[in-house]
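Below, each value reflects all heavy atoms present in this structure, side chains not excepted, and no hydrogens, waters or symmetry copies. In what follows, every chain begins at residue 1, and chains take the letters A, B, ... in the order their sequences are listed. Model, not experiment: these values are computed from the prediction.
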Number of protein chains: 2
Amino acid sequence: MQLDQYDLKILQILQENGRITKSQLADEIHLSVSPCWERVKKLEQAGVIEGYGARVNINKILKHTSVLVEISLKEHHSTAFKRFESVMCDTPEVTDCYATGGGVDYILKVQTNDIDQYQRLMDVWLDSELGIERYFTYIVTKTIKQRSPINNE
Amino acid sequence: MQLDQYDLKILQILQENGRITKSQLADEIHLSVSPCWERVKKLEQAGVIEGYGARVNINKILKHTSVLVEISLKEHHSTAFKRFESVMCDTPEVTDCYATGGGVDYILKVQTNDIDQYQRLMDVWLDSELGIERYFTYIVTKTIKQRSPINNE
DNA sequence: CTTGAAAGATGGGGTGC
DNA sequence: GCACCCCATCTTTCAAG
């Protein structure tokens, strides 16, 4: 898919303001409504725009704790990886999960009500057949920044 | 702020589908439009809903590399922290930044076109007066999961 | 919480450049 | 490709009951 400056601008604006009206969007990118609308539709159909969502500030509704966790597995074959990854995907407390090179196999971000609840979750993982060899926990003391990619320079 | 089941349901739905119409939303939570709309407005004004945005699949539009970086500073006083944090906030390549307890001061996620570009960014940081004592880079080889909190159980 | 109503947006269509 | 009409239908927003 080939994107021009208009498309990038559309993405940039929609990323910040997903509920902007198509006419306002058209104004901002200096196109009229129809071509603008067709670009948006194209971006959605191509899967560049996967969907729209509200940014919910979790801090306003409940006390919670975030931790970052480095995890290494005992075994390094694809079934072990697959099992681990599917458990991560199915665990709502895990908000982010990345496979990494560089000493550990995975780095996760986990959100729970408190540290106890995190530790209980970890205990369940350790007791199950997930094959965790070792893990290291970093407690998040402050969230400085949280995602907003795409900024066309 | 006190949230009831309706509000949680609203948040859950809006998080997944931020462009749903208020009438559809009202249908789904089994309320009529106006009360539903007032709840949404209240959630927005209270800052529980911070905004709306398109979920953009960055992989569809450009090749890029994500790295996770652990950073420790030389000095641990608030001006050093503030300076570091403001640079992180102003650097678009940094998508996430967390202050942590547990051996390192910060953990970041950085997105660049390639590893070279990341390394150049790091070189700039090291040469500037940011006070980085040491850092460790984990290259993300696979993104397993990426954020979707709030799931009322 | 419900109804209702005005103002505006959507999603098409079509024409012409 | 784009812009500039039109138009029926739905949505938003805010009264008043």
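- For the atom pair CD1 (Ile107(A)) and CD1 (Ile71(A)), the distance works out to 10.0 Å, reported to the nearest 0.5 Å.
- Side-chain contact check for Asn57(B) and Glu50(A): at least one donor-acceptor pair (N or O, by modelled atom type) lies under 3.5 Å.
- If Arg19(A) and Lys42(A) are placed on DNA chain D by their nearest nucleotide, the residue sitting closer to the 5' end is Lys42(A).
- When only modelled atom types and interatomic distance are considered, Asp116(A) and Tyr118(A) share no side-chain donor-acceptor pair under 3.5 Å.
- Remark: the backbone N or O of Ser78(A) is not paired with any side-chain donor or acceptor of Arg83(A) at under 3.5 angstrom.
- Taking NZ from Lys109(B) and OG1 from Thr143(B), the interatomic distance works out to 5.5 Å, rounded to the nearest 0.5 Å.
- The stretch residues 44-55 of chain B has no heavy atom under 4.0 Å from DNA chain C, so no residue of it qualifies as close.
- Under the rule for a ring-ring contact (aromatic ring centres under 6.0 Å, His included), the partners of Phe81(B) that lie at least two apart in sequence or sit in another chain are His76(B).
- When the shell of 6.0 Å around NZ of Lys42(B) is examined, it contains 12 or fewer heavy atoms from other residues, nucleotides or ligands.
- In terms of the ring-ring contact (aromatic ring centres under 6.0 Å, His included) criterion, residue partners of Tyr138(A) (sequence neighbours excluded) are, by chain and number, Phe136(A).
- Salt-bridge annotation for Asp4(B) and Arg39(B): present, with a side-chain N of the basic residue lying under 4.0 Å from a carboxylate O of the acidic one.
- Neither side chain, Tyr52(A) nor Gln15(B), offers a donor N or O lying under 3.5 Å from an acceptor on the other.
- Formation of a donor-acceptor pair under 3.5 Å by the Asp96(A) side chain with backbone atoms of Gln146(B) is not found in this model.
- With a heavy-atom cut-off of 4.0 Å to chain A, the contacted part of DNA chain C has its first and last nucleotide at dA9(C) to dG12(C).
- Expressed to the nearest 0.5 Å, how far CD1 of Ile132(A) lies from OH of Tyr106(A) amounts to 10.5 Å.
- Using a 4.0 Å cutoff on non-hydrogen atoms, the parts of residues 26-38 of chain A near DNA chain C are Trp37(A), ordered by number.
- Chain A approaches DNA chain D over the interval dC2(D) to dT12(D), counting the first and last nucleotide 5' to 3' with an atom under 4.0 Å from its heavy atoms.
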